[in-house]
Amino acid sequence: MADLRAQFAAIEREVRHAIDEVLKTQTFILGPQLQAFEREMASYSGSRRAIGVASGTDALALALRASGVGSGDEVIVPAFTFLATAGAVILAGARPVFADSEPETLNIDPVSAKSLITRRTKAIIAVHLYGGSADIRSLLEFTAFQGIALIEDNAQSLGASLEGKKLGSFGTCAATSFYPSKNLGAYGDAGMILTDSEEIAQRIERLRNHGQTGRYVSAEPGWNSRLDEIQAAVLRVKLRYLDRWIAARQAHAARYNERFDGVHGIKMPAATPNSVHSYYLYTVRIASAGANPASRRDHVATHLASRGIATSIFYPLPIHLQPAYASLGGKTGQLPVAERAAHEVLSLPLYPEMSTEQIDRVAASVIEAI
Ligand SMILES: *Cc1c(COP(=O)(O)O)cnc(C)c1O
């Protein structure tokens, strides 16, 4: 699916030098590397502030906490996303309420989300799935009026944009992840919150450090969620390459699209109008006609595996049907678009260092299987 070794080979000297500099200073937590990385990320993302934390999951939980979400509150999230989106709501002490997906982009359906609003709704999390923009404009139309925080889960969409503005800069705040396989990946876990609100930024700076306002004086209970100096140094090196890597992903996606154009039975990724996709994943949909709604998709995956080609399913089970959330009463048939997507999606190998020959070989194998 990805080859991180190829990327490391291209930047090894710079990364080793950056890590060496941290080792010389022996400053590992809340130091100059993080400060510089936060400034550089704010500038890259078009947000006033960027606050580094321990993971993307923590970034979501802290974004919720700092937006005033707490116990007894409801947060509307898409059912068709990674587990962390819902887990973060639980971490913030609130209850996730699951919305269906929009049938083309598979992002949260604003109509479904709006229908789930109650007096307890404090926030909506919009995930920009696979790197493609959610329908932020429609979501802002009703969240802004009703005092509901709109939080962008930007973990897969760093570098993507809508109407010329970076994703992550539309909502109350955004959370992103530097999990190693993400478009900008650390050499371990790391995450970040982006926001224009100085108040939210300052609150997260406290929360990530036990709520401390001064040395050993805490204004509110927090926890330990900091992005360490070694990860910050690695990420600063990689940030300088990010736009080139995303451009390569986009070129590869365009090549896949060209190969699949006119092939019956395969649906290519859709993008929201006026948006630029960052292609964290290149995900096609393959529908089945018979009794098993995943049979054709699974057949393609098996065929590719027999050719030594990896594929992945993001995600095989929507969150409202996960055992972990059974107590919330989710039922099969409740969110038909999300449930159908889980049977149809297949992500193909995609990483910047891939060659055109590799893309063509994957595409030919998919077409052969279909
Ligand atoms: C990766 C990811 C996260 C969580 O990030 P971690 O850094 O692994 O905690 C959250 N949401 C989405 C959509 C993701 O893809």
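Atoms within a ligand are numbered from 1 in the order they appear, just like the ligands themselves. Here the structure is a predicted model, which means the values were calculated and not measured.
- Regarding atom 11 (N) of ligand 1, its nearest protein heavy-atom neighbour is D153 OD2, 2.8 Å.
- The residue from S177, P180, P78, G191 that puts a heavy atom closest to atom 5 (O) of ligand 1 is S177.
- Within the 4.0 Å heavy-atom shell around ligand 1 one does not find D189.
- Under the 4.5 Å side-chain heavy-atom criterion for Ile, Leu, Val, Met, Phe, Trp and Tyr, V234 and L4 are members of distinct hydrophobic clusters.
- Close approach of ligand 1 to T57 is summarised as follows: ligand atoms under 4.0 Å from at least one heavy atom of the residue are 4 (C), 5 (O), 6 (P), 9 (O).
- Those atoms of ligand 1 with a heavy atom of G56 less than 4.0 angstrom away are 5 (O), 6 (P), 7 (O), 9 (O).
- Atoms of ligand 1 lying under 4.0 Å from at least one heavy atom of V127, given by number and element, are 13 (C).
- The CG atom of D135 sits 10.5 Å away from atom NE2 of H128, with the distance rounded to the nearest 0.5 Å.
- Residues L140 and F142 share a single hydrophobic cluster, defined by chaining ILVMFWY side chains whose heavy atoms lie under 4.5 Å apart.
- The protein heavy-atom contact nearest to atom 15 (O) of ligand 1 is Q156 NE2, 2.8 Å.
- Environment of OH in Y179: sparse, with no more than 12 heavy atoms of neighbouring residues, nucleotides or ligands closer than 6.0 Å.
- For ligand 1, none of its N or O atoms has an N or O atom of Y280 under 3.5 Å away.
- Relative orientation of the F98 and H320 rings is tilted, given thresholds of 30° and 60° on the angle between their planes.
- The pair E357-R361 fails the salt-bridge criterion, with no side-chain N (NZ, NE, NH1 or NH2) lying under 4.0 Å from an Asp/Glu carboxylate O.
- The protein heavy atom nearest to atom 14 (C) of ligand 1 is K182 NZ, 3.2 Å.
- Salt-bridge annotation for E38 and R208: present, with a side-chain N of the basic residue lying under 4.0 Å from a carboxylate O of the acidic one.
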